[in-house]
Undergrad: 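Before I ask anything, let me first share the structure, which is written out below as structure tokens.
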Number of protein chains: 2
Amino acid sequence: MELENHTRESVAQLLRSHGINPTHQRIEIGFALFENPQHRSADEILAMVNARHTETSKATVYNTLKLFVDKGMVRELIVDPNKVFYDPNTSAHHHFYEVATGELTDIPAAGVHIEGLPQLPPGMVTEGIEIIVRTRPGR
Amino acid sequence: MELENHTRESVAQLLRSHGINPTHQRIEIGFALFENPQHRSADEILAMVNARHTETSKATVYNTLKLFVDKGMVRELIVDPNKVFYDPNTSAHHHFYEVATGELTDIPAAGVHIEGLPQLPPGMVTEGIEIIVRTRPGR
DNA sequence: ATTAGAATTTTGACTTTGTCTAACTCCTGC
DNA sequence: GCAGGAGTTAGACAAAGTCAAAATTCTAAT
Ligand SMILES: [Mn+2]
Ligand SMILES: [Mn+2]
Ligand SMILES: [Zn+2]
Ligand SMILES: [Zn+2]
């Protein structure tokens, strides 16, 4: 599945293919997201990128994540009241959200069907439909 | 539909029916939510409650909203990266979210069906399923 | 090589939303 | 009236994110 085995060079290609100029910082941030794909907060990314020694500022991480979202390279996930998660998986999918731990798990959209949604208000267009299944440990 | 025409006394009853001791502040906060039911942020509630003259503190508003959520009197809505919305409508329903303006519109759950969701991870139990349809103005 | 201009990054102050604790007030039952 | 508990308050604090101005880096032309 996720055996894309990303390198810094393949991330640079990915950036170019999304019309993003691959700078050093952007490559590191992209690599952090795609190397081992998970749902990550901006803070986590900042920590990953600066793990060995600081080379990227907070502002750049926030700017870059926003850029990635605008260019459709990652998806924003609003599910936790405290922080936004960034999802390197841009294919249509939904999520389990474990409320207690904050853990997110993908639900592939294939096989999931939603029926009976009402018409959009006129002049509006759908930007995305997401299902969030909030779960907690229980009997 | 929403012709419940709430008074402070009916809000007090609602509080009691949820096992909440109806204090002055709680009644005002409840009244702000149910008088003209909308999806409201904590800040909005604080402003509404203190519109005439300040009588309720920020801490009480936050405490009380959390209490209402715990007791199942209102629902928390996490859909905007900046703030939590509180929803006086606790019946099962979903939402349109107009990304540009932040406007939320209810989608009654009756008639909406979701098929093909995978099994929950073992030992987990569903706390809620929500569909969010993000919309924007467009052709 | 030098340099102008554009693109990108950085710093650090700032804002917003929400949390926390200790003090204070209010209420209830005696 | 008074004790104790429930509820509220002020204000300091924290976390996440934003912003503007300065500094750096890159590019492409002289
Ligand atoms: Mn927050
Ligand atoms: Mn925020
Ligand atoms: Zn995902
Ligand atoms: Zn609603």
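Order of the sequence lines fixes the chain letters, A, B, ..., with proteins taken first and strands second; residue numbering starts at 1 for each chain. Because only heavy atoms are used, hydrogens play no part in the values below, and waters and symmetry mates are left out as well, while side chains stay in.
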Undergrad: Rounded at 0.5 Å granularity, tell me how far NE2 in B:His6 sits from CD in B:Glu35.
TA: 10.5 Å

Undergrad: Does C:dG18 have its OP1 or OP2 closer than 4.0 Å to a side-chain nitrogen or oxygen of B:Lys66?
TA: no

Undergrad: Taking A:Thr64 for its side chain and A:Thr60 for its backbone only, find out whether a donor-acceptor pair lies under 3.5 Å.
TA: yes

Undergrad: Whole Å only: how far is the CG atom of A:Leu15 from the C1' atom of C:dA7?
TA: 15 Å

Undergrad: Can you check the B:Asn82 CG to D:dC19 P distance for me, whole Å?
TA: 10 Å

Undergrad: Between P on C:dT8 and CD1 on A:Ile27, what's the gap in Å once rounded to a whole number?
TA: 13 Å

Undergrad: Take the C1' atoms of the five end pairs on each side of the helix from C:dA1-D:dT30 to C:dC30-D:dG1, get both axes, and report the angle to 10 degrees.
TA: 0°

Undergrad: Could you tell me whether A:Arg136 and A:Glu103 make a salt bridge, using a distance below 4.0 angstrom between a side-chain N and a carboxylate O?
TA: no

Undergrad: All N/O contacts under 3.5 Å from nucleotides 6-12 of chain D to the protein, with atom names and distances to one decimal?
TA:
from, atom 1, to, atom 2, distance (Å)
D:dG7, OP1, B:Asn21, ND2, 3.4
D:dG7, OP1, B:Arg26, NH1, 3.0
D:dT8, OP1, B:Thr23, OG1, 2.6
D:dT8, OP1, B:Gln25, OE1, 3.1
D:dT8, O3', B:Gln25, NE2, 2.8
D:dT9, OP1, B:Gln25, NE2, 3.4
D:dT9, OP1, B:Glu55, O, 2.7
D:dT9, OP2, B:Ser57, N, 2.9
D:dT9, OP2, B:Ser57, OG, 3.1
D:dT9, OP2, B:Thr60, OG1, 2.7

Undergrad: Does B:His18 reach the main-chain N or O of B:Arg16 with its side chain, forming a donor-acceptor pair under 3.5 Å?
TA: no

Undergrad: Who pairs with A:Gln38 by side-chain hydrogen bond (donor to acceptor under 3.5 Å, both in side chains), at least two apart in sequence or on another chain?
TA: none

Undergrad: With distance as the sole criterion, is a donor-acceptor pair present between the side chains of B:His94 and B:Asp106 under 3.5 Å?
TA: no

Undergrad: Whole Å only: how far is the CZ atom of B:Arg40 from the P atom of C:dT17?
TA: 16 Å

Undergrad: Rounding to an integer number of Å, can you tell me how far B:Ile45 CD1 sits from C:dT17 P?
TA: 14 Å

Undergrad: Could you give the OH-to-C1' distance, from B:Tyr86 to C:dT17, as a whole number of Å?
TA: 10 Å

Undergrad: Specify the separation, in whole Å, of atom CG of B:Leu65 and atom P of C:dG18.
TA: 9 Å

Undergrad: Using ring centroids (six-membered ring only for Trp), state whether A:His113 and B:His113 fall under 6.0 Å.
TA: no

Undergrad: C:dG18 C1' sits how many Å from B:Asp80 CG, rounded?
TA: 14 Å

Undergrad: Does B:Asp87 offer a backbone N or O that forms a donor-acceptor pair with the side chain of B:Arg40 under 3.5 Å?
TA: no

Undergrad: Taking 4.0 Å as the cut-off, does a side-chain nitrogen or oxygen of B:Tyr62 come that near to OP1 or OP2 on C:dG18?
TA: yes

Undergrad: Let me confirm one number: the CD1-OH distance from A:Ile132 to A:Tyr97, rounded to the nearest 0.5 Å.
TA: 9.5 Å

